[in-house]
Undergrad: 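Pasting in a structure now, in structure tokens, and then I'll have a few things to ask.
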Amino acid sequence: MVLPRSFYIRPNVVQVAIDLLGKKLCTRIGGHITSGIICETEAYAGVTDKASHAFGGRRTGRTEIMYSVGGTAYVYLCYGIHSLFNVVTNAGEIPHAVLIRGIIPATGTDIMLDRTGLKSITENSGIGPGKVSKILGIHYSHSGIDLVNKPGDPEGPSMWIEDIGITVPSGMVETGKRVGVDYAGTDSELPYRFRIQIRDLPALRDQEGLK
DNA sequence: CATAGGATCGCCT
DNA sequence: GGCGATCCTATGT
């Protein structure tokens, strides 16, 4: 089931970040469908969060997308090299977002090989926000794509997230500080990073099989 | 117009 | 554990 708008527009961005664990992030880029199970996320709490690009209500050409309605993709270029993929959450004009930091490759591993030049795709190949975009073919030019309604052009790039029947037990979710946001002062200490360990995957895959 | 710096990665030691 | 790659974005003059 493709996640509906109601999943994204919930007001608690931290809860959305946790609930995205175990969901399947899918893209159709250049006619190729690839996907992976989300295993690491970070929440960015908008205008009050010093680590957020929208802190203080900042609106620029880049961050404007963050003010879209929940269920919109926000992708930006980091370090001149990496496209980082985020999901905008909450109602319009409230710039909350969840950074997807890691996925376990699921569909289209042959395409991922082409995109990365790796010799093989493993469970680690999508760990790291830059790698997520690399293996899924996501580019910062895809910022603004709607994750709920398919774009008008059926041939164009498209991205969505599916519920595949996995429920991650809270005891399986590891919480920590966000990465690379030391400039945010005390906000860098917030426990807004969430991940599931690869060693716990077999149990989750069993759930998927039962559905 | 000029410039500094970044929600990273992979290779090197 | 350290560093270079690489370029857009934001900000300041």
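Chain A is the first sequence line, chain B the second, and so forth, proteins listed ahead of strands; every chain is numbered from 1.
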Undergrad: Could you check whether atom OH of A:Y192 has more than 12 heavy atoms from other residues, nucleotides or ligands sitting under 6.0 Å from it?
TA: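 No, because the 6.0 Å sphere around OH of A:Y192 holds 12 heavy atoms or fewer from other groups.
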Undergrad: For the residue pair A:R10 and A:F7, would you count it as a cation-pi contact if the rule is NZ or CZ under 6.0 angstrom from the ring centre and within 45 degrees of the ring axis?
TA: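 Satisfied, under 6.0 Å and within 45°.
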Undergrad: Measure from the side chain of A:L84, starting at C-beta and using heavy atoms only, and say which of B:dC9, B:dA7, C:dT11 lies closest.
TA: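 The listed nucleotide nearest to A:L84's side chain is B:dA7.
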Undergrad: At less than 4.0 Å, is any side-chain N or O atom of A:Y183 found next to OP1 or OP2 of B:dA7? Yes or no.
TA: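 Checking B:dA7 against A:Y183, a side-chain N or O does come within under 4.0 Å of OP1 or OP2.
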Undergrad: Roughly, in whole Å, what's the span from CG in A:L77 to C1' in B:dG5?
TA: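 Nearest whole value for this atom pair: 12 Å.
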Undergrad: With hydrogens left out and only the distance checked, is there a donor-acceptor pair under 3.5 Å joining A:H53's side chain and the base of B:dA7?
TA: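 Such a pair is found, so the answer is yes.
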Undergrad: Considering only side-chain heavy atoms of A:V179, which listed nucleotide, B:dT8, B:dA7, C:dA10, is closest?
TA: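 Minimum distance to the A:V179 side chain belongs to B:dT8.
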Undergrad: Could you state the atom-to-atom distance from OH of A:Y44 to P of B:dA7 in whole Å?
TA: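 Checked: the OH to P distance equals 8 Å.
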Undergrad: In whole angstrom, what separates A:E64's CD from C:dT9's P?
TA: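 It is 14 Å, rounded to the nearest whole Å.
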Undergrad: Between C:dT11, B:dA7, B:dT8, which nucleotide has the shortest distance from any of its atoms to the side chain of A:R58?
TA: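 Nearest nucleotide to the side chain: C:dT11.
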Undergrad: With a 3.5 angstrom cut-off on both distances, give the Watson-Crick or G-U wobble partner of B:dC9, or none if there isn't one.
TA: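 Pairing partner: C:dG4.
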Undergrad: Atom CG of A:N124 and atom P of B:dG10: how far apart are they, to the nearest Å?
TA: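 So the CG-P distance, A:N124 to B:dG10, works out to 11 Å.
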Undergrad: In whole Å, measure the gap between the P atoms of C:dT6 and B:dA2 for me.
TA: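 Straight-line distance between the two P atoms is 23 Å.
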Undergrad: Could you give the OH-to-C1' distance, from A:Y76 to C:dC7, as a whole number of Å?
TA: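 Between C1' of C:dC7 and OH of A:Y76: 14 Å.
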Undergrad: Atom CZ of A:F55 and atom P of C:dT11: how far apart are they, to the nearest Å?
TA: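 Atom-to-atom, A:F55 to C:dT11, this comes out as 13 Å.
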Undergrad: What nucleotide among C:dT11, B:dA7, B:dT8 has an atom nearest to a side-chain atom of A:Y74?
TA: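 For the A:Y74 side chain, the nearest candidate turns out to be B:dA7.
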Undergrad: Check every atom of C:dT6, C:dA10, B:dT8 against the side chain of A:T63 and return the nucleotide holding the closest atom.
TA: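 From the listed options, C:dA10 comes nearest.
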Undergrad: Given B:dG10, is OP1 or OP2 found less than 4.0 Å from the side-chain N or O atoms of A:K131?
TA: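 Answer is yes, contact under 4.0 Å.
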Undergrad: Can you figure out which of B:dA7, C:dT11, C:dC7 approaches the side chain of A:L99 most closely?
TA: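 So the side chain of A:L99 is nearest to B:dA7.
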Undergrad: Supply the atom-to-atom distance A:H96 NE2 to A:Y67 OH, rounded to the nearest 0.5 angstrom.
TA: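 A:H96 NE2 to A:Y67 OH: 10.0 Å, rounded to 0.5 Å.
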Undergrad: Any base atoms under 4.0 Å from A:R62, or only sugar-phosphate, or nothing? Heavy atoms, all strands.
TA: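 The answer is sugar-phosphate, as A:R62 gets under 4.0 Å only of primed atoms, P, OP1 or OP2.
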Undergrad: Classify the side-chain pair A:T107/A:T34 by whether it contains a donor and acceptor separated by less than 3.5 Å.
TA: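 No donor-acceptor contact under 3.5 Å links the two side chains.
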Undergrad: To the nearest Å, how far apart are A:Y79 OH and C:dT9 C1'?
TA: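 My rounded result for the distance is 14 Å.
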Undergrad: Could you tell me whether A:H53 and A:Y76 have their ring centroids closer than 6.0 angstrom?
TA: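 Centroid separation for A:H53 and A:Y76: below 6.0 Å.
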Undergrad: For A:Y140 and C:dT9, give me the distance from atom OH to atom C1', rounded to whole Å.
TA: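 Rounded to the whole Å, the gap is 11 Å.
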